[in-house]
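Working notes for the structure below.
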Amino acid sequence: MSVTGLVSILLAAILTNNFVLSKFLGICPFLGVSKKLDTAVGMSAAVIFVMLIATAVTWPIQKFLLDPNDLGYLQTIVFILVIAALVQFVEIVMKKYMVGLYQALGVYLPLITTNCAVLGVTILNIDEGYGFVEALVNSLGGGLGFMLAMVLFAGVRGRIENSDIPKSLQGLPITLVSAALVAVSFLGFQGLVDGLFK
């Protein structure tokens, strides 16, 4: 595939096909870890790493092991096991070398294992028929899109904390309304990627 095609895949994954704001995958960490900018960035970096490594491992497994042996029905189970092992690795490294971030992420770090955005990107790479490099670019874009959504929403939540919110909307209701408004704002990117590369 050409460089233009790879850039198109990257921009689409970040903006128009954003896993959190367009496909609504990975909502749990999006709502749970986006209270502070530093934890949002740390969680996003961990998700980007896991997405890239998970794609690098699951794509060859699918193409060279599952598909040739008619074992495609095991895709979800195999992919979840690979992602779980990778998250354990990330957790061990963070616990040893990034103690502050490890403690700040708390229970949300192991939840990357069940983060449907990570599983979603690995399965969508196969379903879209991407080659290995295209799958890696899509995964990178998906991770960067996750980070963009987390950072934007952390900023929004920071503004909410300093605002006078009606009592009936305080807490989870205003968080969900804000998340919906951020998601709607990403609809403005629809068609942008196609228009750039025509």
Side-chain angles (χ1 to χ4, degrees), residues 10-52 54 76 80 83-84 86-87 90-91 94-95 98-124 138-196:
L10 182 71
L11 289 177
I14 294 171
L15 299 174
T16 60
N17 297 327
N18 187 290
F19 285 99
V20 178
L21 300 174
S22 294
K23 298 187 183 299
F24 305 108
L25 298 174
I27 297 296
C28 177
F30 175 68
L31 294 176
V33 187
S34 60
K35 291 180 184 176
K36 295 181 181 175
L37 184 61
D38 55 345
T39 55
V41 170
M43 177 66 151
S44 300
V47 167
I48 290 170
F49 177 76
V50 171
M51 276 187 178
L52 281 170
T76 303
I80 288 174
I83 293 166
L86 291 170
V87 170
V90 169
E91 190 172 1
M94 289 180 95
K95 189 174 185 179
M98 303 175 210
V99 178
L101 181 59
Y102 173 80
Q103 291 172 346
L105 292 176
V107 71
Y108 292 100
L109 185 58
L111 284 178
I112 296 175
T113 303
T114 56
N115 185 341
C116 51
V118 177
L119 179 62
V121 76
T122 57
I123 292 175
L124 283 171
N138 188 50
S139 298
L140 176 63
L144 291 173
F146 184 86
M147 179 180 272
L148 177 64
M150 293 283 283
V151 168
L152 286 175
F153 198 54
V156 169
R157 288 183 82 170
R159 296 289 300 265
I160 289 172
E161 287 181 12
N162 299 324
S163 300
D164 186 26
I165 306 296
K167 189 167 185 171
S168 61
L169 287 176
Q170 290 177 358
L172 186 60
I174 194 65
T175 302
L176 293 175
V177 169
S178 302
L181 290 174
V182 171
V184 167
S185 70
F186 267 66
L187 290 175
F189 293 117
Q190 294 295 332
L192 173 70
V193 173
D194 293 336
L196 284 175

With rounding to the nearest 0.5 Å, note down the distance linking CG in Leu119 to CD1 in Ile83. 5.0 Å

Pairs meeting criterion side chain to side chain donor-acceptor pair (under 3.5 Å) with involvement of residues 153-166, two or more places apart: Ser34-Arg157

What's the spacing between Leu176 CG and Leu181 CG if we round to 0.5 Å? 11.0 Å

Grab the two heavy atoms, one from Val118 and one from Ala54, that are nearest each other, plus how far apart they are. CG1-CB, 4.4 Å

First locate atom CG of Leu21, then atom CE of Met150, and finally report the distance between them rounded to the nearest 0.5 Å. 11.0 Å

Residue pair Leu86 / Val90, side-chain heavy-atom distance below 4.5 Å: no

Can you name the side-chain contact (heavy atoms from CB on, under 4.5 Å) partners of Leu37, sequence neighbours left out? Val41, Val151, Ala154

Only counting residues at least two apart or in another chain, list the ones meeting side-chain contact (heavy atoms from CB on, under 4.5 Å) with Lys23. Asn17, Phe19, Leu25, Leu124

Restricting to side-chain hydrogen bond (donor to acceptor under 3.5 Å, both in side chains), what partner residues turn up for Ser139, sequence neighbours left out? Thr55, Asn125

Considering non-hydrogen atoms only, spot the tightest contact between Gly141 and Ile14 and give its length. O-CG1, 3.4 Å

Grab the two heavy atoms, one from Cys116 and one from Gly26, that are nearest each other, plus how far apart they are. SG-N, 3.3 Å

Met51 and Gly143: which non-hydrogen atoms are nearest, and at how many Å? SD-N, 3.4 Å

Taking every heavy atom of Phe146 against every heavy atom of Met43, the minimum-distance pair comes out as CE2-CG, 4.4 Å

Could I get the full list of side-chain contact (heavy atoms from CB on, under 4.5 Å) partners for Leu152, not counting sequence neighbours? Leu148, Phe186

side-chain contact (heavy atoms from CB on, under 4.5 Å) involving Ser178 - partner list, sequence neighbours excluded: Phe153, Val156, Ile160, Ile174

Drop me the distance from Ile123's CD1 to Thr76's OG1, to the nearest 0.5 angstrom. 4.5 Å

Distance in Å, Thr16 OG1 paired with Leu11 CG, rounded so as to fall on 0.5 Å steps: 8.5 Å

